Amino acid sequence: MIDGKTKILGVIGDPIEHTFSPAMHNAGLKALDLNYIYLPFHVKEEKLRECIEGAKAIGIRGLNVTIPHKTNVIKHLDEVDQVASMIGAVNTIQFNYNEFNESSSKDNDINVTTKGFNTDGYGCVRAIEEKTSIKDKKVTITGAGGAARAVAFQIANGGIAELSILNRNLSKAQSLADDLKTNLNGIGIDIDINAYDLDSLKGELSKSDIFIDTTPIGMYPNVDDKPIASADMLHENLLVNDIVYTPMETSLIREAKLANATVVPGYKMLLYQGIRSFEIWLGREAPVDVMEKALLDVLGI
Ligand code: NAP
């Protein structure tokens with residue numbers, strides 16, 4: 001029931017029509033009987049500043065941020081958490097209203113501050129850690145785009161031993177590795193890079209404990225594509241995480257099952273990034289089972 005006390009959460013992006021987040025968050029809010037609603041907002045790039053100012057003016061409590069605003073939004077925020085700052089992208093904004101007094105008419109009684117977080121990498125690591133700890137492991141990542149950045153910084157902060165990044169465009173892998181080395185000065189991780197080709201990937205995977213594919217290869221409608229040639233590039237001691245979630249079982253996940261590897265489907269990262277955002281905004285544990293079921297329903301699984 002929406003009434004005069006209902007508080008608003010939401011997601012901003014362009015486009016936004018295909019977002020799965022409202023289903024997941026509204027199910028969580030309902031399960032905890034919280035007087036909140038989570039809405040999608042279509043925000044064009046040139047309206048981003050006004051969007052953040054407007055959100056403060058109307059008392060929005062929290063926002064998720066999706067493509068194309070994850071980097072540009074930072075300049076409109078008061079504070080950015082350390083990991084998000086290293087990644088250079090924010091997907092969650094917390095609005096803090098100090099001394100908010102609804103009966104007051106004086107503007108200066110309302111002191112709003114905003115803080116940005118990035119929960120994408122957290123989502124990936126939590127999904128993997130349901131199956132195995134990342135500590136002291138050798139991790140291979142394919143891709144060096146926005147998702148790879150979030151994942152790489154989070155796992156590097158989580159105590160892995162070695163990180164191998166393979167990307168089609170080698171200079172992007174180099175740039176990510178350089179940023180990791182600069183920001184994680186003092187954390188002893190071996191980082192190496194390679195151009196993405198099947199021979200190099202096979203060599204890296206044979207020595208790896210965890211393989212995270214952050215490329216869109218295999219995403220609907222190209223569902224037969226995969227970043228490996230076949231299951232024999234994998235092994236049974238490997239954990240394989242494809243972050244693509246449409247379809248839920250990608251060609252890579254199918255090959256990983258043939259190799260008897262441990263698999264983590266991409267929807268788990270989507271789920272846990274949302275769980276973390278929910279907990280940042282509401283300061284309480286999210287109902288994971290309810291939110292997972294809602295996400296699977298809306299994904300048609
Ligand atoms: P992005 O910034 O565009 O980066 C894509 C990366 O994949 C780039 O490094 C690109 O290489 C590489 N790539 C693309 N097509 C390739 C191909 N055919 N062969 C080899 N490499 C290829 O995209 P993103 O934001 O990182 O997103 C990547 C994927 O992750 C998308 O499918 C997205 O839906 C998914 N995702 C999932 C979640 C989740 O919660 N599960 C969260 C975020 C993203 P180059 O640098 O050489 O172009």
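Predicted model, so just to flag it, every value in this text is computed and none were measured. Atoms within a ligand are numbered from 1 in the order they appear, just like the ligands themselves.
Of the candidates A173, A150, A195, A147, it is A147 that places a heavy atom closest to atom 26 (O) of ligand 1.
Distance check on atom 24 (P) of ligand 1: some protein heavy atom falls below the 4.0 Å cut-off. Using a 4.0 Å threshold on non-hydrogen atoms, atom 30 (O) of ligand 1 counts as touching the protein. Atom 14 (C) of ligand 1 is flagged as protein-proximal [any protein heavy atom, distance under 4.0 Å].
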Derivation and outcome, side-chain contact (heavy atoms from CB on, under 4.5 Å), residues S164 and K138: CA-CA 8 Å; S164 176; K138 174 176 168 66; 3.7 Å; yes
Test side-chain contact (heavy atoms from CB on, under 4.5 Å) on T66 and I16 and set out the steps. CA-CA 8 Å; T66 188; I16 202 63; 3.8 Å; yes
Test side chain to side chain donor-acceptor pair (under 3.5 Å) applied to N35 and T6, step by step: CA-CA 5 Å; N35 193 356; T6 304; 2.8 Å; yes
Before giving the answer on salt bridge (charged side-chain N to carboxylate O under 4.0 Å, His left out), spell out for R284 and E279 the whole-Å C-alpha distance, their side-chain angles and the decisive distance to 0.1 Å. CA-CA 5 Å; R284 58 191 291 180; E279 292 178 347; over 6 Å; no
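The ligand atoms of ligand 1 that sit less than 4.0 angstrom from a heavy atom of A144 are 9 (O). With ligand atoms numbered from 1 in the order given, ligand 1 contributes 20 (C) to contacts under 4.0 Å with heavy atoms of Y196. Listed by number with element, the atoms of ligand 1 under 4.0 Å from a non-hydrogen atom of V244 are 32 (O). Short contacts between ligand 1 and G143, defined as distances under 4.0 Å to a heavy atom of the residue, involve ligand atoms 9 (O).
Summary of contacts: the protein heavy atom closest to atom 11 (O) of ligand 1 is N167 OD1, 3.2 Å. Atom 2 (O) of ligand 1 has as its closest protein heavy atom G146 N, 2.9 Å. With hydrogens left out, the protein atom closest to atom 5 (C) of ligand 1 is P216 CD, 4.0 Å, a heavy atom. If you check which protein heavy atom lies closest to atom 12 (C) of ligand 1, you get T215 CG2, 3.8 Å. With hydrogens left out, the protein atom closest to atom 4 (O) of ligand 1 is G145 CA, 3.3 Å, a heavy atom. Atom 48 (O) of ligand 1 has its closest protein heavy atom at R168 NH2, 3.0 Å. Looking from atom 28 (C) of ligand 1 to the surrounding protein, the closest heavy atom is T214 O, 3.1 Å. With hydrogens left out, the protein atom closest to atom 35 (C) of ligand 1 is I243 CD1, 3.8 Å, a heavy atom.
In this pair, H25 and Y38 present their aromatic rings parallel. The plane angle is below 30°, not in the 30 to 60° band.
Separating the CG atom in N64 from the CD1 atom in I12 is a distance of 9.5 Å, to the nearest 0.5 Å.
With S85 contributing its side chain and D81 its backbone, the two residues share no donor-acceptor pair below 3.5 Å. In this structure a side-chain-to-backbone donor-acceptor pair under 3.5 Å is present from S277 to Q273.
Here's the thing with L270: one of its N/O atoms is less than 3.5 angstrom from an N/O atom of ligand 1. At least one N/O-N/O distance between N169 and ligand 1 falls below 3.5 Å.
No hydrogens or angles considered: a donor-acceptor pair under 3.5 Å links the side chains of T132 and K137. For the residue pair D14 and H69, no side-chain donor N or O sits within less than 3.5 Å of a side-chain acceptor on the partner. A donor-acceptor contact closer than 3.5 angstrom is absent between the side chains of S251 and D224.
Contacts between K172 and ligand 1 below 4.0 angstrom, taking non-hydrogen atoms only, involve the side chain exclusively.
Both the sub-6.0 Å distance and the 45° axial angle are satisfied by R276 relative to the ring of Y122.
For M219, the closest heavy-atom approach to ligand 1 falls below 4.0 Å. Residue G266 places a heavy atom less than 4.0 Å from ligand 1. Under a 4.0 angstrom heavy-atom cut-off, I217 registers as being in contact with ligand 1.
Under a 4.0 Å N-O distance rule, the pair K226/D213 does not qualify as a salt bridge.
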